[in-house]
Amino acid sequence: MSEGGAPGRSADVGPRAAAVILADGKAGTASEEPRAFASVFGRNLLGICVETVDVCPEIQGFVVVAPAGLEDRAADFARDSAKFLAAVPGRSTSRESVAVGVEALPPRFDVVLVHDVARPLASPGLFAAVLRALEGADAAVPQFPVGDTVKRVEGGVVRETIPREGLGAIQTPQGFRRHALMTLSGAEMGSPEGAPLDVSFLAAAGLRVATVRGEPANLQVRAPEDLRFVERLLAEAVSRGHGR
């Protein structure tokens, strides 16, 4: 495990909001390069996410969950930040990876944001909005309204048109009070690929789950064409003077 962080920080007085950056996902690229290290606009997905967390004043520490065996490489893209705490190896499932990331956080952090590098364009404002929503909830997630018509298909045949009203696509970062994450880590449940945690379990357990409006640019990188689209968006942002 590679560690860093600001020197001289008191163990008794410190921040309470931290982030777990999931960087151990599958490639989603044309090569065998782990997705976190995929190059885009002269940087990589992990580096972009680290930069975003670093400029969020509400977040005072973060842990990177890296591909197993590549913790030092992941740390190289994070150690310049005074907020960087550690790089730890990921596990076989997303839920387990979140758990090891949370375990690496010092106990003073009681609020945790979980973010996947597969969504590199999440803005600092979205991180802040999720944290604000936690003021009256146990968990908070961004959701973006579903714009396309949704069909239920069975055996290649359309069986039903599902009304879009009330439907939303869940994004990261997802925010949790630490006790809520402990509830999830002790549960036997599945986590769909790309969803760090099943927040519906929290709601079923009687805990409060808030939502905030997601961002249209906060898309998930799953394939090489997604990387090219992210690169175009970054280039447009730079040309408008809104560089990331």
Quick one: are L126 and V212 in side-chain contact, heavy atoms under 4.5 Å?
yes

Of all the heavy-atom pairs spanning A210 and A137, show the shortest one and how long it is.
CB-CB, 3.8 Å

Determine whether P145 and R213 make a side-chain contact, defined as any pair of heavy atoms from C-beta on separated by less than 4.5 Å.
yes

State plainly whether the residues R177 and D138 are in salt-bridge range, i.e. N to O under 4.0 Å.
no

Just by distance, do the side chain of Q171 and the backbone of E215 share a donor-acceptor pair under 3.5 Å?
yes

Identify whether NZ of Lys or CZ of Arg in R178 sits under 6.0 Å from the centre of the six-membered ring of F109 and within 45° of that ring's axis.
no

Between CG of L113 and CZ of F62, what distance do you get to the nearest 0.5 Å?
13.0 Å

Please give me the minimum heavy-atom distance between F77 and L46, naming the atom from each residue.
CB-CD2, 4.2 Å

Please report the C-alpha distance between V141 and V130 in whole Å, then the side-chain angles of each, then the deciding distance to 0.1 Å, and finally whether the side-chain contact (heavy atoms from CB on, under 4.5 Å) criterion is met.
CA-CA 7 Å; V141 298; V130 171; over 6 Å; no

Mind checking side-chain hydrogen bond (donor to acceptor under 3.5 Å, both in side chains) for D80 and listing every partner two or more places apart, or none if nothing turns up?
none

Looking at side-chain heavy atoms only, is the closest gap between H115 and C49 below 4.5 Å?
yes

Quick one: list whatever passes side-chain hydrogen bond (donor to acceptor under 3.5 Å, both in side chains) with E58, sequence neighbours left out.
none

Working to the nearest 0.5 Å, report the span between CD1 of I170 and OG1 of T211.
7.5 Å

Working to the nearest 0.5 angstrom, can you tell me the gap between Q60 CD and L85 CG?
10.5 Å

For atom CZ of F144, decide whether the heavy atoms of other residues, nucleotides or ligands shown that lie under 6.0 angstrom number more than 12.
yes

Could you walk me through whether L70 and F37 satisfy the side-chain contact (heavy atoms from CB on, under 4.5 Å) test, starting with their C-alpha distance in whole Å, then the side-chain angles of each, then the deciding distance to 0.1 Å, before giving a yes or no?
CA-CA 10 Å; L70 296 177; F37 306 131; 3.8 Å; yes

As an exercise, state the distance from CG of N218 to CZ of R119, rounded to the nearest 0.5 Å.
5.5 Å

With a 4.5 Å heavy-atom cut-off, do I21 and V117 have their side chains touching?
yes

Are there over 12 heavy-atom neighbours, none belonging to R91, within less than 6.0 Å of that residue's CZ?
no

Between Q143 (side chain) and A169 (backbone), is there a donor-acceptor pair under 3.5 Å?
no

Does the side-chain contact (heavy atoms from CB on, under 4.5 Å) test come out yes or no for L45 and R35, once each step is laid out?
CA-CA 7 Å; L45 300 188; R35 179 162 52 192; 3.7 Å; yes

Using side-chain heavy atoms (C-beta onward) and a distance below 4.5 Å, is L227 in contact with P224?
no

Would you indicate whether the side-chain heavy atoms of V98 and V112 approach each other to under 4.5 Å?
no

Verify the distance criterion only: is there a donor paired with an acceptor across the side chains of S81 and D54 at less than 3.5 Å?
yes

Would you check if F127 and I59 make a side-chain contact, meaning some heavy-atom pair closer than 4.5 Å?
yes

Under the criterion side-chain hydrogen bond (donor to acceptor under 3.5 Å, both in side chains), I'd like the reasoning laid out for D116 against T172: C-alpha separation, chi angles, the key distance, then a yes or no.
CA-CA 6 Å; D116 195 331; T172 67; 6.0 Å; no

Answer whether the closest heavy-atom distance between the side chains of F229 and V221 falls below 4.5 Å.
no

So, taking the atom named CG in D24 and the one named CG in L22, what distance separates them when rounded to the nearest 0.5 Å?
6.0 Å

Might you point out which heavy atoms bring P142 and G214 nearest each other, and give the distance in Å?
CB-CA, 3.9 Å

